[in-house]
Each structure stands twice: as structure tokens, then as C-alpha cells.
2 protein chains.
Amino acid sequence: MANGYNGEILRVDLSRGTISVDKPTPEFYRQYMGGRALTSYYLLKEVAAGTDALAPENKIIFAAGPVTGAPVGGSGRNSVGAKSPLTNGFGSSEVGGYWGAELKHAGYDAIIIEGKSESPVYLWIKDGEAEIRDAKHIWGKTTGECQKLIQEELGDEHIRVTQAGLAGENLVRYACVFNDLSHAAGRTGMGAVMGSKNLRAIAVRGHKKLQMADPETVSSLAKWFRDNFKLIKRTAGLNEAGTAALIMGLNAAGGLPTRNFQQGVFEGASKISADALRDSILVKRKGCYACPVKCKPVVASGEPYNVDPTYGGPEYETLSALGSNCGIDNLEAIAKGNELCSAYGLDSISTGASISFAMECFEQGILTEKDTGGLKLNFGNAQVMLQLVEMIARREGFGKLLGEGVARAASVIGKGAEEFAMHSKGQELPMHDPRFKPGMGVGYTVSPTGADHMHNMHDAAYTQPGCMLDELLALGIPGPLPCQELSPAKIRMLVYGSLWRHLLDSLVFCHFCLFMPGQITELVRAITGWNATAWELMKVGERCINMTRVFNFREGMSRDDDWLPRRFSVPFTSGPLNGVALGEEQLRQAIDTYYTMVGWDKESGTPTLGKLQELGIEWVADV
Amino acid sequence: MANGYNGEILRVDLSRGTISVDKPTPEFYRQYMGGRALTSYYLLKEVAAGTDALAPENKIIFAAGPVTGAPVGGSGRNSVGAKSPLTNGFGSSEVGGYWGAELKHAGYDAIIIEGKSESPVYLWIKDGEAEIRDAKHIWGKTTGECQKLIQEELGDEHIRVTQAGLAGENLVRYACVFNDLSHAAGRTGMGAVMGSKNLRAIAVRGHKKLQMADPETVSSLAKWFRDNFKLIKRTAGLNEAGTAALIMGLNAAGGLPTRNFQQGVFEGASKISADALRDSILVKRKGCYACPVKCKPVVASGEPYNVDPTYGGPEYETLSALGSNCGIDNLEAIAKGNELCSAYGLDSISTGASISFAMECFEQGILTEKDTGGLKLNFGNAQVMLQLVEMIARREGFGKLLGEGVARAASVIGKGAEEFAMHSKGQELPMHDPRFKPGMGVGYTVSPTGADHMHNMHDAAYTQPGCMLDELLALGIPGPLPCQELSPAKIRMLVYGSLWRHLLDSLVFCHFCLFMPGQITELVRAITGWNATAWELMKVGERCINMTRVFNFREGMSRDDDWLPRRFSVPFTSGPLNGVALGEEQLRQAIDTYYTMVGWDKESGTPTLGKLQELGIEWVADV
């Protein structure tokens with residue numbers, strides 16, 4: 001078997017209760033690598049067109065990659081993918097922590113879950129052995145209780161658990177999957193797919209060391225990162241303040257999503273900032289497998305919120321989604337909301353965005369107390385935000401509708417509520433306003449998972465060297481571009497950046513560790529022994545993007561789905577970006593440019609046969 | 001200035017007699033790198049559409065690249081480019097020896113020659129100083145005499161000379177440019193462009209060391225190559241026998257061009273083989289700057305041919321072009337023909353192909369002794385072959401017409417002579433039959449320089465690891481393909497291989513040294529200090545291909561010019577490939593596939609705007 005791999009993919013049929021093992025060839029691994037690319041392959045091959053995302057015929061895949069579990073910072077990740085109940089297209093989300101590395105050490109490269117168990121179960125994998133176990137006693141429990149119960153019943157506190165929560169059990173469409181209680185595979189509703197299969201969790205324990213072609217080089221890269229990450233502007237910043245540092249920067253620039261993206265400046269920003277966090281509820285910082293950066297906050301508080309440090313703490317997306325974008329500046333309440341999302345298995349981005357959507361509808365009179373069961377959904381109401389998180393997870397009352405996501409909820413509510421539903425392809429926008437970051441806005445439209453920031457254009461981070469721009473410089477992009485620019489050169493940044501991030505999500509490697517492309521290439525070579533180049537690796541990312549594109553089109557999407565809410569074509573009316581919008585014509589042209597740059601038909605937005613052939617995946621044209 | 005560069009491009013206006021210096025930015029160098037890509041840029045920018053290739057308004061560019069002159073095998077090359085008098089499109093040919101390295105050491109990255117001198121001149125460059133000198137006393141001399149005269153008059157036998165010969169002075173359309181008497185920038189008629197400008201030679205002497213970011217890594221790569229090239233199948237073979245080894249292999253496979261590509265098996269192959277060469281006229285082997293491989297033969301003989309070892313000796317292309325393809329098995333005569341081509345500055349491929357064309361016309365009765373001035377142009381007539389080489393170089397008698405190249409000559413002769421003119425885009429086929437190597441056949445059609453094997457698909461070499469296939473494996477191509485296969489997977493090999501070779505020709509680096517793409521990337525990084533990746537480097541190759549494509553279309557070419565002579569759609573009637581052809585429909589489909597793979601419009605074959613934008617060269621769309 002190729003170095004870097006176990007050579008075994010576990011296949012679990014929950015309907016039949018059977019477990020088997022696939023043994024792909026080294027050539028297969030080299031083409032489809034792991035993580036998101038490998039998932040794209042299996043979904044296209046094995047999930048029939050038109051399958052209901054919450055039906056037993058959907059499959060959910062937990063995939064590591066060649067670098068997962070290697071002793072180097074950034075390698076603790078895995079992806080979780082399935083047809084998405086949120087977008088009805090390709091779903092996948094990548095997640096850190098320790099579970100992915102543990103899976104590799106337990107002897108598998110990925111797990112394919114098929115069918116549906118008759119009653120709640122969890123999967124237990126230990127050193128090459130796998131077992132489906134009863135989970136009735138865990139069903140309905142918080143993620144914290146679930147993990148504890150599993151570790152106790154199996155008698156090993158070092159067991160790593162990935163799991164859906166109550167929200168997943170209840171089929172909330174943006175229920176997510178948590179590794180180790182505080183690391184979320186947040187987007188595209190993978191928790192609901194687990195729930196639909198009556199699969200609550202996958203517990204893993206492994207002692208196998210990753211086989212590497214050149215362990216010395218891997219060690220030296222790991223050492224370089226340990227010795228230098230505090231000298232790299234971006235990782236040093238993450239080490240000091242996590243992503244929370246974005247709050248004040250975005251607010252100052254006028255791009256902090258506020259009150260459902262109505263504004264870009266939040267008057268309470270300083271109260272939810274990294275400094276405020278550090279000076280109040282921050283207990284410590286923690287990180288992922290083998291990583292020295294420790295970018296994740298751990299927070300705790302006493303009355304009235306009693307925030308539990310078991311669940312980590314809020315990062316930027318959550319601070320904005322449950323905070324500024326709901327008009328809330330109560331940091332402890334936001335931290336409590338974060339805890340609840342983690343305890344129930346909710347994506348804090350979509351949860352916050354659903355609540356802010358409801359708040360704007362309420363303030364606009366489209367929703368009344370009659371609709372909400374008496375809740376006063378005004379912006380800034382922290383108490384009602386927390387109530388709604390509970391109700392969404394439990395699918396209680398008005399929470400049931402919100403748990404469908406803003407696109408479906410708006411369509412049920414009618415009365416023009418669609419105007420306030422901030423989504424693309426059915427997935428709620430993360431906390432990056434397309435007027436402030438127009439490249440990311442274009443990225444939302446063409447991303448396989450809709451409004452997703454993870455493999456997208458980071459306009460602001462590409463305005464100067466020393467940050468994510470450095471990756472692009474190493475890929476031959478000549479230099480920085482202004483944040484607001486939306487030229488062909490910016491679209492080119494989006495294209496190259498997106499290829500690179502899809503590669504990272506196929507390796508699976510952290511986007512934050514900021515090894516340069518040359519170093520990542522060296523790492524892949526050292527682990528696998530393949531004589532690989534950055535060209536080959538970028539093509540893995542491109543293969544992935546094209547497979548997901550075909551998947552989405554097979555499921556009924558078209559270029560019409562590549563679009564943004566109308567709000568972003570209307571200028572801001574205040575703040576530093578007063579008067580700035582992302583015009584519809586500008587957006588249309590940018591999307592056309594994107595299509596022709598990546599080899600998609602300009603009229604239909606489908607990958608050309610030539611592009612699929614160039615990527616060695618002409619079989620995709622037949623699906 | 002960027003490491004690896006001098007930062008100065010010499011600009012010589014021969015009409016005005018002025019010399020100036022351009023100082024491009026580091027960003028310019030990183031985008032356009034050097035060699036062929038840099039030449040494409042200047043030709044597009046500075047040579048107006050419709051310029052006669054032999055008019056003063058054409059420009060000829062001698063370009064080194066970032067690796068040229070570095071102390072590592074493979075780095076002794078430069079490119080020579082201009083609008084081609086043979087194809088009327090983009091012309092460029094790359095050449096080894098010592099001259100390119102010397103140019104870098106003399107302080108320049110490239111030389112742009114403009115205008116036309118009133119009388120013969122040569123250019124003399126020494127350590128950052130340049131001078132236009134009278135060459136009346138050199139005009140008409142052999143290349144050997146020219147080099148000696150220049151070295152003597154400047155008093156330094158270490159001076160390196162690149163030059164056109166008598167053929168270039170006489171505007172033979174496939175006159176070439178020689179470095180150091182025995183290294184030819186053979187294709188596309190660059191010698192005629194020099195001749196049209198009354199520029200006979202450029203003499204260079206330099207003592208400047210190349211500035212490198214990381215000399216230790218460069219040294220270690222050079223050392224690795226010195227220590228290992230005999231262990232690498234391909235370089236070991238080149239070291240032992242040069243390219244002449246191809247003769248017997250191709251003959252056994254049925255793909256040795258014989259009698260103007262009528263057959264693929266030559267009954268006299270063993271008499272012109274590497275073994276025959278070694279056992280008879282071989283004196284020694286020699287090589288290029290800093291290279292341990294020494295793949296070039298030096299031959300000598302006594303009566304009747306008295307082959308002069310000053311001019312090296314025949315390699316595969318010459319052995320076939322003047323040998324098997326003319327039906328000639330007299331090795332000494334072929335060696336003499338090679339000497340004459342070198343002494344007069346003729347491309348031995350186009351020279352041989354023109355002679356074999358004439359021989360077939362003669363045998364078919366389309367040409368008679370009346371047309372040829374009494375010459376009996378039968379296949380196998382070595383004496384007449386040598387006479388024709390002389391006559392072509394001197395533009396005497398029937399040689400004048402042959403010096404126009406087979407496309408023009410056939411059109412003058414008429415009577416169906418076109419059937420026997422083996423060219424694509426006006427350039428004569430090198431010694432690789434498209435029926436044996438269908439990928440290369442497709443490559444001839446889409447190559448910017450027509451029938452050119454240098455940046456093309458080497459079907460036979462891609463049938464097994466250990467050879468050129470290894471480069472593709474490192475670029476993510478999954479594995480070997482049979483020589484005769486012409487599938488989308490084969491076209492993909494062509495595309496990736498061609499990008500890679502255009503990159504090598506832009507660095508400018510030897511195609512034979514067979515450093516793997518990862519090592520070339522490391523070399524470029526170590527020399528330049530750029531944080532470059534193989535992705536960026538492949539994009540330099542792609543930029544080059546697209547610029548040359550637009551240049552050709554601007555000069556009036558269309559997709560109709562992407563075609564092969566009809567002969568190759570007719571099956572061989574003997575030998576191992578009896579019955580094998582490259583069908584017209586098969587070829588058309590392969591070309592269509594190529595277009596869509598590389599982002600060219602399927603109908604017109606032009607690069608899409610999106611592709612140009614993706615490469616950061618949208619300015620090209622305006623020309």
C-alpha cells in the first residue's frame with residue numbers, strides 16, 4: 001500500500017448491520033487523494049441521482065487523507081460528506097481536533113456509512129476492528145454526555161468521538177458533526193444525515209503509526225513549524241487571539257455583518273472582540289492534533305449563563321453570527337449560544353443566520369408574535385436568541401421552521417421574507433459580506449456548497465503579503481489586490497485559491513497552518529513517497545471541484561443557482577463602505593469570467609468534456 | 001534585481017547602429033521567465049501584424065532564462081526567436097552549447113535585435129559592454145572560419161560565437177543559428193532572419209558569476225546529477241550513444257522515417273546506427289556547459305569525405321533526415337552532410353526533408369533532370385544529397401527552390417507535388433512518423449511552430465517508466481500508455497508534456513537532462529529565491545503556448561492550419577506497422593479534444609478570453 005495510507009476504507013451498511021472493507025489501489029488514492037475529493041468520487045459513483053438527502057439511500061463518508069495523522073501541525077483533520085439536506089447538492093465539511101488522526105491510527109483511511117439502522121447506534125472502531133453498537137441510552141443526550149457515556153462504557157478516556165447531537169437526531173437541516181465536543185464539521189447539515197441513519201456517533205481508538213516514506217523530512221517540517229509559527233504573522237495572530245481578532249478589523253473596515261447583513265458596522269463590536277474575550281471569559285486556548293498554534297478559545301462564566309468550558313468557546317464566525325448579526329453585544333450570552341450549538345450539534349453559522357433572518361422578518365412585520373409563539377424577535381435580544389437555539393435543536397414551536405434553514409423558512413413564510421433570507425444554494429451566508437469581499441461573494445455563487453467561506457476567496461487577506469496572499473504568490477499570482485476590486489485578476493485569485501483549498505480539504509490539511517504550497521508539496525512527497533508536484537496537487541483540487549459541480553447539476557442545479565441575495569446589490573447606507581454594493585451586472589460578468597477561466601461552458605456553467613478529460617475523469621461526463 | 005537574472009536586456013537597433021538596455025522588473029521576469037516565453041512576449045508586443053519575416057521590421061531575440069549559466073548540467077541553453085520566414089508565424093528554437101551561459105555571464109538576460117544593418121556586421125559583447133562591428137571580411141565564410149576569425153581579431157579563443165552561416169546570409173528559409181559550431185537552434189529559420197538583418201554573428205565573453213539565492217542547493221542538485229546520471233536509464237543511454245540509439249529502436253518498431261516517410265523500416269538501418277557510428281567514425285563525445293552527460297558525437301573520417309571533427313557529428317534527426325529518409329545508408333556521407341549543414345548554417349532536418357521531398361517528386365516523374373539541372377535525384381544517391389546541401393546553402397540552381405522549404409517548393413512545382421511535401425504549418429516534419437507516434441502527430445498540428453518535436457508528445461518514450469514518462473508521472477498523469485493509442489488520456493499527456501517542455505524552453509533548460517519536475521522546481525527556487533511551485537512553472541509554459549497561439553492567429557493562421565499531410569492518414573503497407581494509419585477523423589477529434597482541454601474555442605481554435613485572463617495575460621486579447 002502507498003505510504004501515508006492504510007489502504008483500507010471501512011464500509012458500514014446500517015440497514016443490514018454489516019461491515020466490510022474496500023481496498024482501493026494506490027493509483028486510486030493518488031487520483032482522488034482523500035477527504036473532500038475522495039468523498040466527491042464516492043457520492044458521484046454510489047449515490048443515485050435524486051436521492052433524498054435524509055433517506056437511507058444517501059451515504060455519509062468520513063474521510064481522512066494522506067497527511068492525516070502525520071506528526072505535524074495541521075494534520076488532525078478529516079472531512080464529513082454526503083448529499084446535503086440543506087442544499088440538496090454536494091455536502092461536505094472539514095473539521096479539526098483529534099478524531100481524524102485517531103481514525104488513521106486505527107487502521108482506516110475513510111468510513112462509508114450506508115443505509116439506516118432500525119434503532120439508534122454508534123460505531124466503535126479500534127485498531128482495525130469495527131463494531132456497530134446500541135446507542136438507545138445515548139439518544140437525546142448532549143454531545144458532552146454522549147462522549148462521556150461512550151468513553152465510560154468502553155473503558156477508555158482516550159477514545160475520540162465524532163458525533164451528531166440532538167439537532168442531528170431531530171433532522172435540523174443544518175445540524176452538524178462534532179469532533180471532540182468543540183471542533184465542528186459545521187456546514188451543509190451532515191449531522192442531519194447521521195441522524196437520518198440513526199447513527200449518533202463514531203468512536204475511535206488506534207495505536208498504529210502512520211507509515212511514511214521519509215519520516216525525517218516530515219519531522220523537520222514539523223519542527224520548522226513549531227519553531228517558526230510565532231514568527232509568521234497569521235499563525236502568530238491565531239495563537240494570540242484566534243479568529244476572534246477579525247471582529248474589530250472587519251468592523252473598522254465596515255464589513256462586520258450586522259443585523260442580518262443590513263449594516264457592516266456594529267456599535268457593540270468592542271464588547272464581542274478578541275480583547276473583550278481575553279479580558280473576561282477566556283480560560284485558555286487549545287488546539288488540534290500535533291499542532292502548536294492552539295487557535296481555539298476555551299471560555300467559562302458563572303451566573304447567569306454558566307458557560308461550560310467543556311465545549312471550547314466562540315470563534316469569529318460564531319461571535320458574529322450569534323452576536324453582531326443578531327445585534328447582540330452580550331459576550332457571555334454569545335458564549336452560551338456557542339455552548340448550546342456544540343452541546344446540541346448545531347452549525348452556529350446557520351443557526352445564527354436563521355435567527356437573524358427571523359429577527360429581521362419580525363422587525364419588518366412579516367413575522368408577528370402569533371407566528372413566533374409569543375417570542376419578541378427583536379435584534380439585540382440575547383435571551384430570545386438563546387431560546388431559539390434550544391427550540392431549533394429540539395424542533396419545538398417556531399424553532400421547527402427555523403431548523404429548515406432560511407431558504408425553506410422564507411418560502412413557507414412568504415410575504416417577501418425571501419428578501420431577508422441570506423443564503424446561496426440554500427446554505428446560509430457565513431460572516432463575510434459580499435459587498436466588503438466581492439471575490440468571496442462570487443465564490444459563494446460558484447462554490448459546490450453555496451455560501452461557504454472555507455475554500456473561497458479571502459479578499460481582505462489577499463491585500464498584502466504576510467498572510468494568505470503568500471500562498472497565491474507561490475502559485476504564480478503576481479501580487480496583492482485591493483479588497484473591493486472585482487477584476488479578472490481577482491477572479492483568478494479566487495480560482496487558484498479555491499483549487500488550493502479544495503486540495504487542502506482533500507489531503508486533509510488545515511487552512512490556517514499556512515505552510516506554503518512548496519512545503520505542503522514536500523510534506524505530501526515525504527509522507528507518500530510519490531514524486532508529486534504542486535501541479536499534480538492543484539489538479540486534485542480541480543478534480544474535486546469539477547466532480548462536485550457535476551454532482552450538483554445531476555441533482556438539478558443549474559447556473560441559475562449561482563447567485564446571491566439581492567441585498568448585496570444594494571449599497572450600504574452607512575459606515576466606511578457607505579454606497580458600496582456588488583452590482584448584479586458586475587456579479588454576472590464575474591461569474592461568466594469564472595466559468596471560462598475554469599473551463600466550464602459559458603452558457604450553462606457545466607464543465608466541458610475537455611476539462612473532465614484533462615483531469616482524467618471523463619467517466620464523470622456519463623453520470 | 002531578482003536572483004538568477006542580470007536584470008538587463010540588450011537592445012540593438014541595426015538600422016540606427018544604436019545599443020541600449022531595457023531593465024525589466026522582477027515581476028516581469030517572474031511572469032515571462034525567459035527563453036521562449038519571454039520571446040513570445042516581445043514578438044507580440046513589438047512586431048506588428050503582417051510584418052514580413054525577412055524585413056527589417058522583424059525582430060530576432062536571443063534569450064537566456066533564470067537557470068542559464070548556473071553551474072548545473074542542462075543550464076547551457078538559450079532560445080532564438082523571431083517571426084519565422086518558414087511558417088510566417090511564431091518562430092523559436094532552443095540550443096545548447098556554451099553561448100547561452102556565456103551571455104548570462106557577460107551581464108545580459110537576452111538580446112533584442114531590431115532593424116537591418118546596411119552592411120554585414122557582428123555584435124561583440126564583453127562583460128556588460130556591447131559593440132557593433134564590421135563583418136564584411138566574414139561574410140560568405142563557413143561557420144568554422146567565422147568563429148576563428150572573430151576569436152582571432154578579438155584576441156581571445158574563449159569567446160563564444162552564435163552565428164548564422166552562408167545559408168542565413170542567402171536567406172534560405174530554414175537556415176539556422178549555430179552555437180559553438182555544433183549546437184543548432186535548428187528550426188523555424190532563425191538564421192535567415194539574422195541574414196536578412198546583415199547580422200552574421202554575436203560573439204560573447206563574460207566573467208560575471210550568476211547571482212543565486214541558495215548556491216548550496218544548486219550545487220547539491222548539480223552533484224546529484226553528476227553522481228547519478230549514469231543510473232538514470234535515459235541519460236545513461238544518451239551518455240553512451242547519444243540520440244543515435246533511436247535508429248535501431250524505431251526501425252524495429254516500424255517507425256523509422258524512410259524515403260520521405262513512405263515507409264517505416266529502412267533496410268540500411270544498421271549501417272547508420274549508433275553501433276555503426278561508434279565502430280567507425282566516432283572520435284569522442286562532447287556536451288554542453290556544466291553538463292556531465294556529453295550526448296553529442298564528434299566524428300571524423302578520411303577519404304573520400306574527409307569529415308571535419310570541428311563540427312561535431314550527426315545525431316538521430318540528422319542520421320534519419322539525411323539518411324534513411326533519403327534512402328541513404330552511407331554513414332560517412334551522412335556525416336559529411338551534417339558537417340556541411342553546420343558549416344553553412346542549415347537545419348539538417350528541413351534540409352534532409354527538402355531533399356527527400358525532391359527525391360520522391362523525381363521518382364514520381366513530377367521533377368525531371370530538366371528541372372534539377374541534370375541531377376538524378378533518386379533515393380539512396382548520397383552524392384547528389386551532398387551536392388544538394390551545397391546548392392541549397394548557396395541558393396544555386398535547383399537548390400534555390402529547395403531552400404524555400406517543401407511547402408513553397410511544392411506550390412511552385414505544382415503537378416501534385418503537395419502530396420509529397422511533408423510539413424505542418426510550412427515547417428518540415430522531424431524524423432517522427434505520426435502513424436507510429438500519433439500523439440506527436442497531433443502535437444505537430446497544434447504546435448506553435450508546426451511540425452516540431454521539441455515540445456511535443458513522445459509517444460514511444462511514454463510507454464514505460466524510466467524515461468520521459470517519469471516527468472508526467474510527477475505531474476499527476478497516472479501511468480504509461482501504448483505508443484499507438486490516441487485516446488483523450490494520450491491527448492492529456494500531450495497537453496501536460498507540452499506545457500512542461502515550453503517551460504523548459506523558457507527557463508531555458510535541457511529536455512534531456514531529465515531532472516524531475518520537483519527537482520526543476522527546487523532548482524528555480526534555489527536560483528531565483530522565488531517561493532515558486534511546479535504549478536506556477538507549468539503556467540509559464542501555458543502562458544507561452546497561448547501567446548504563441550495568438551501570435552500565429554494574428555498573422556493569419558486559423559484552425560485550418562492545424563493539420564497533417566494526407567500521407568499519414570494512409571496506412572503503412574509494410575513492416576511492423578503494416579496497415580496502421582492516423583485517420584483523418586481520428587485526427588480531427590483529437591485536435592478538438594486538445595482545444596477543449598487547453599481552453600481554446602472548439603470552433604475556431606482561439607484561446608478563450610477566460611483562459612488568457614486565468615493566465616494573467618488578458619492584454620494578449622487586444623492584439
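Note that the structure is predicted; figures quoted are calculated from it, not measured. So that the names make sense, note that chain A is the first sequence line, chain B the second, and so on, each numbered from 1.
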Inset, instruction - Using heavy atoms and a sub-4.5 Å threshold, report which of residues 602-610 of chain B line up against chain A, by residue number. - result: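 Result: B:Thr608, B:Gly610.
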Inset, instruction - Name the member of A:Met597, A:Glu27, A:Arg30 that forms the most heavy-atom pairs with chain B at distances under 4.5 Å. - result: A:Met597
Legend entry - Proximal component of A:Leu475, with respect to chain B [non-hydrogen, under 4.5 Å]: both
Inset, instruction - Can you tell which part of A:Glu618 gets under 4.5 Å to a heavy atom of chain B, answering side chain, backbone, both or neither? - result: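 For A:Glu618, side-chain heavy atoms alone lie under 4.5 Å from chain B.
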Inset, instruction - Keeping to residues at least two apart or across chains, list the side chain to side chain donor-acceptor pair (under 3.5 Å) pairs with something in residues 538-547 of chain B. - result: B:Lys539-B:Glu542, B:Lys539-B:Glu614, B:Glu542-B:Lys611, B:Asn546-B:Trp600
Inset, instruction - With rounding to the nearest 0.5 Å, note down the distance linking CD1 in B:Ile491 to CD in A:Gln613. - result: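 Output value for this atom pair is 9.0 Å.
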Legend entry - Spacing of CG belonging to B:Leu612 relative to OG1 belonging to A:Thr596, to within rounding of 0.5 Å: 9.5 Å
Legend entry - residues 493-513 of chain A: residues contacting chain B (heavy atom under 4.5 Å, by number): A:Tyr496, A:Leu499
Legend entry - residues 525-535 of chain A: residues contacting chain B (heavy atom under 4.5 Å, by number):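 Near chain B, by residue number: A:Arg525, A:Asn531, A:Ala532, A:Thr533, A:Ala534, A:Trp535.
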Legend entry - Side chain, backbone, both or neither of B:Gln31 within contact of chain A (heavy atoms, under 4.5 Å): side chain
